[in-house]
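Keep in mind that what you see is a predicted model, and the values were worked out from it rather than measured. The chain is numbered in sequence order, starting from 1.
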Amino acid sequence: MVLILNKINILTNKKQETSNALKTTFFIFLFLVITNQFHSQGSLPPGTYTSQNKKAIKFYEEGKKNYEVRNDKEAEEYLSKALKEDNNFVEAHSAIAFLLMEHRRSAEAIPHFEKAVAINVKFYPQNIYYLANAYMAVGRYDEAVKSYEQLSKSERINPGMKEAAAKEIKNAQFGAKAVKSPKPYKLINMGAGVNTNYNEYFPSITADGRQFLFTREIVLSEQQRNEDFYLSKKEGNEWKDAMPMFGVNTSGNEGAPSISADGNYMFFASCMEMSGDYGSPDRKGYGSCDIFYSQKKDGKWTRPVNIGPTVNTANWETQPSFSSDGKTLYFVRGLLSRGNIKEQDIYMSVIGADGKFGTPVKLSNKINTDDQEESVFIHPDNQTLYFSSAGHPGMGGLDIYMSKRQADGSWGEAINLGYPINTYANENSLLVDPGGKLAYFASDKTGGYGGLDIYEFDLPEDVRPEKLTYVKGKTYDAKTKEPVSAKFELIDLDTQQSITESYSDKAGQFLVTITGNKNYIVNVAKDGYLFYSDNFSLKGKEADFTKPFLLDIPLQPIDTGSTVELKNVFFDVDKWELKPESKAELDKLIFFLNKNPGVKIELGGHTDNSGKKEWNKTLSTNRAKSVYDYVMTNGKIPATRLSFKGYAETKPKVPNDTPENKAKNRRTEFKVTAK
């Protein structure tokens, strides 16, 4: 039983040819509408038909009886016989057209709607609307536009239908234009390492593009199916045979995985079976579908944990996407009503200082509409959001859209990815790789390995995310050279905004994505060690995903006499007023001192050997005092724990023989004087 998405046809990305306006409940009253409402609105007296052929009427009424007990095949046969007797029988044309639409046979329904409208458009003008919907369902957009326009001129149409038509005509106009300007698009099967004769879907990928995670639906019997996670690793240019993710998979259903940039955390949805549990005795939840997470430790995935009632409710929470900043979760929530899911929108929740997810916030109307949203994916650039929606102008049904984060943090207009990425069918579950060029989704197109396969294609340039590279390295003990797991943070030097917070693993390794043309601060902290501070620049450089920034970080144990250079404390030339971009660094120093109340430090200022010694002494002393004053004022650190001193040029790190070396000697440090 597939549980992760609202409907199986959405999950498998199969064509849903019936417009949203044609709900199944309508067909329960189909023949009642045709035999009674038609006549009350037309010129015929009750109890009569547009046909006078007795055989045609008899076949029509037999079709009605069979439909009422859901013998659809027999109903279609009788309606076809009625039309053979009288091809101008409006009710029979309308009835068989609706029946065909219900079974997603829109192309076959169109000639019957066309005939009914041609015989007598005033008899049941709503047929124009359903004809337009049928055109939309098979991508005949120009004809749909004409029918919707014809409907708008009719006087005997209820306001609700006119309102729906006004929305659909925008989609039809968009579709007609998009088909005439197709985007370059070629699907490539990912191969036998990923795809099998089972269904594979919902892909996720790590930031280095070397680990590919997805859902596979295993057929256990004719009645029973199970969704599990599989992971394929890339060797060279080949994806190796995917292996099941032990520790996460259960006898229940797991789906819609989102793996963190470094591959150490995974968020996913698990949904309650009819029995009331999640397929595992230790996996309980709050509603029909909940979001869980698992962490990789020592190469193994931990037992999944429900992320809690702040995010998960008695409703439907699913399809998580975890951002590269290490603290923001995007997901889909739908409200449950009498077993149905409605008001399906995209939300976000941010991890607070307490390490817990905050109250979810619904994204703005630039993303969410009055209709259905799903399949949210935040790209590792943390600026580009991809999602599926039935509410924005598109090709019909669910289309995939992109939105860019604006300078003020809001989301920009939703941009349709265009044709043939989007079609008259439902499209969703798009994944874009960290490099921004390749996109992935599931399709059951012919020529694959069977069922749904995962394909890749080149994403058109105008809907690509920001260009990325990544920082990769390790943290280790400066004395023993042994790896150390530590918390690290990347900060945009210019904006002082945190880009990402994460941890290196037990082997000390870490990986985070970054954009080009920026200056970055890196801070690393570990209990029992002095904090580490550095910076690097990609200013004026375009990010290149094939050339990651390598950064190995030695951490010094807290010990008397140990020194740390504050590489992100800045002054103007020959001045001692702290520049604003020094704040992030000094706040980390304050945090370190508060966490280690026994530590006492001396703040030292250093210059090169240029200029007069007296001035260098004054300059270095005042710079050290500026740092001292900031820490005292903002950190409320007791004066007994702090001191400052200006060393001028007396303690150079390197010889003052080149401009580069002189720059290294101009620095601010702190030295541990007691612990």
Student: Distance from F510 atom CZ to K487 atom NZ, nearest 0.5 Å?
Tutor: 15.0 Å
Student: Can a donor-acceptor pair be found, under 3.5 Å and without considering hydrogens, that links the side chain of T384 to the backbone of H379?
Tutor: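 Not at all, since once roles are kept as given, no pair shorter than 3.5 Å links the two residues.
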Student: Can you tell me if D462 has over 12 outside heavy atoms packed within less than 6.0 Å of its CG?
Tutor: yes
Student: Checking the side chain of H392 only, and the main-chain atoms of I415 only, is there a donor and an acceptor separated by less than 3.5 Å?
Tutor: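 Side chain of H392 to backbone of I415, a donor-acceptor pair under 3.5 Å: no, none is there.
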Student: Is there a side-chain contact between N568 and K588 (heavy atoms, below 4.5 Å)?
Tutor: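 In short, these two side chains do not touch, never coming nearer than 4.5 Å.
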Student: Ignoring hydrogens and angles, tell me if any N or O in the side chain of T469 forms a donor-acceptor pair with the backbone of K547 under 3.5 Å.
Tutor: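 Yes, the answer is positive, given that a donor and an acceptor are paired below the 3.5 Å cut-off.
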Student: For the ring-ring contact (aromatic ring centres under 6.0 Å, His included) test, which of Y230, Y440, F229, F202 pairs with F212?
Tutor: Y440
Student: Do I169 and E149 come within less than 4.5 Å of each other through their side chains, counting heavy atoms only?
Tutor: yes
Student: Donor-acceptor check, side chain of E581 to backbone of Q496, threshold 3.5 angstrom: yes or no?
Tutor: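 Not at all, since once roles are kept as given, no pair shorter than 3.5 Å links the two residues.
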Student: Between T500 and L490 (side chain of the first, backbone of the second, donor and acceptor by atom type, cut-off under 3.5 Å), is there such a pair?
Tutor: no
Student: Going by heavy atoms in the side chains, are S204 and F268 under 4.5 Å from each other?
Tutor: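 No; the side chains remain at least 4.5 Å from each other.
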Student: Do Y148 and K170 make a side-chain contact, defined as non-hydrogen atoms from C-beta onward lying under 4.5 Å apart?
Tutor: no
Student: Answer yes or no: is there a donor N or O on one side and an acceptor on the other, between the side chain of T328 and the main chain of S323, under 3.5 Å?
Tutor: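 Between the backbone of S323 and the side chain of T328 there is no qualifying donor-acceptor contact (under 3.5 Å).
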Student: Do Y330 and S258 come within less than 4.5 Å of each other through their side chains, counting heavy atoms only?
Tutor: no
Student: Identify the heavy atoms of S106 and M101 that sit nearest to each other, and give their distance.
Tutor: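 Minimum heavy-atom separation between S106 and M101: OG-SD, 3.4 Å.
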Student: Within the supplied structure, the quantity of interest is the number of heavy atoms (other residues, nucleotides, ligands) at a distance under 6.0 Å from N237 CG; does it exceed 12?
Tutor: no
Student: What orientation do F267 and Y293 show, parallel under 30°, tilted 30 to 60°, or perpendicular over 60°?
Tutor: tilted
Student: Does NZ belonging to K541 count more than 12 external heavy atoms closer than 6.0 Å?
Tutor: no
Student: Measuring centre to centre across the rings, with the benzene-like ring taken for any Trp, is F545 within less than 6.0 Å of Y470?
Tutor: yes
Student: Check whether more than 12 heavy atoms from other residues, nucleotides or ligands sit under 6.0 Å from atom NZ of K183, and answer yes or no.
Tutor: yes
Student: For K472, I'd like to know if atom NZ has over 12 heavy atoms of other residues, nucleotides or ligands within 6.0 Å.
Tutor: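 Counting neighbours around NZ of K472, 12 or fewer heavy atoms of other residues, nucleotides or ligands fall under 6.0 Å, so no.
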Student: So Y185 and F457, would you call those rings parallel, tilted or perpendicular, with 30° and 60° as cut-offs?
Tutor: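 Y185 and F457: perpendicular rings.
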Student: Rounded to the nearest 0.5 Å, how far does CG of N315 lie from CG of D290?
Tutor: 10.5 Å
Student: Would you name the heavy atoms of N519 and D494 that are closest together and state the gap between them?
Tutor: ND2-OD1, 3.9 Å
Student: If every non-hydrogen atom of P203 is compared with every non-hydrogen atom of S429, which pair is closest and at what distance?
Tutor: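 P203 and S429 have their closest heavy atoms at CD-O, 4.2 Å.
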Student: Does NZ in K162 sit with more than 12 non-hydrogen atoms of other residues, nucleotides or ligands closer than 6.0 Å?
Tutor: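 Yes, the 6.0 Å shell around NZ holds more than 12 heavy atoms from other groups.
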Student: Ring centroids only, cut at 6.0 angstrom: are Y141 and F174 within range, meaning strictly under it?
Tutor: no
Student: Apply the test side chain to side chain contact (heavy atoms under 4.5 Å, CB included) to residues E427 and S388: give CA-CA distance (whole Å), side-chain angles for both, the deciding distance (0.1 Å), then the verdict.
Tutor: CA-CA 7 Å; E427 283 80 31; S388 293; 5.7 Å; no
Student: Can you confirm whether Y424 sits close enough to M136 that some side-chain heavy atom of one is under 4.5 Å from a side-chain heavy atom of the other?
Tutor: no
Student: Decide if atom NZ of K467 counts as having more than 12 heavy atoms of other residues, nucleotides or ligands within a radius under 6.0 Å.
Tutor: no
Student: May I ask you to test the R333-K362 pair for a side-chain heavy-atom distance under 4.5 Å?
Tutor: no
Student: Rounded to the nearest 0.5 Å, how far apart are CG of N426 and CD1 of I400?
Tutor: 10.5 Å
Student: Would you check if L151 and M161 make a side-chain contact, meaning some heavy-atom pair closer than 4.5 Å?
Tutor: yes
Student: Just by distance, do the side chain of S294 and the backbone of V305 share a donor-acceptor pair under 3.5 Å?
Tutor: no
Student: Which heavy-atom pair separates K518 from D492 by the least distance, and what is that distance?
Tutor: CD-OD2, 3.4 Å
Student: Is the backbone N or O of I188 less than 3.5 Å from a side-chain atom of E456, with the two atoms forming a donor-acceptor pair by type?
Tutor: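 Such a contact is absent between E456 side chain and I188 backbone.
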Student: Run the salt-bridge test on K437 and D433 with the 4.0 Å N-O cut-off and return the result as yes or no.
Tutor: no
Student: Specify the closest pair of heavy atoms between E373 and D371, including all atoms of both residues, with the distance to one decimal.
Tutor: OE1-O, 3.0 Å
Student: Working note: Y265 + F322, criterion ring pair (Phe, Tyr, Trp, His ring centres under 6.0 Å); need CA distance, chi angles, decisive distance, verdict.
Tutor: CA-CA 9 Å; Y265 289 88; F322 194 56; 7.2 Å; no
Student: Report yes or no: does N368 contribute a side-chain atom to a donor-acceptor pair with the main-chain N or O of D345 at less than 3.5 Å?
Tutor: no
Student: Of all heavy-atom pairs between A269 and P320, which one has the smallest distance, and what is that distance?
Tutor: N-CD, 4.3 Å
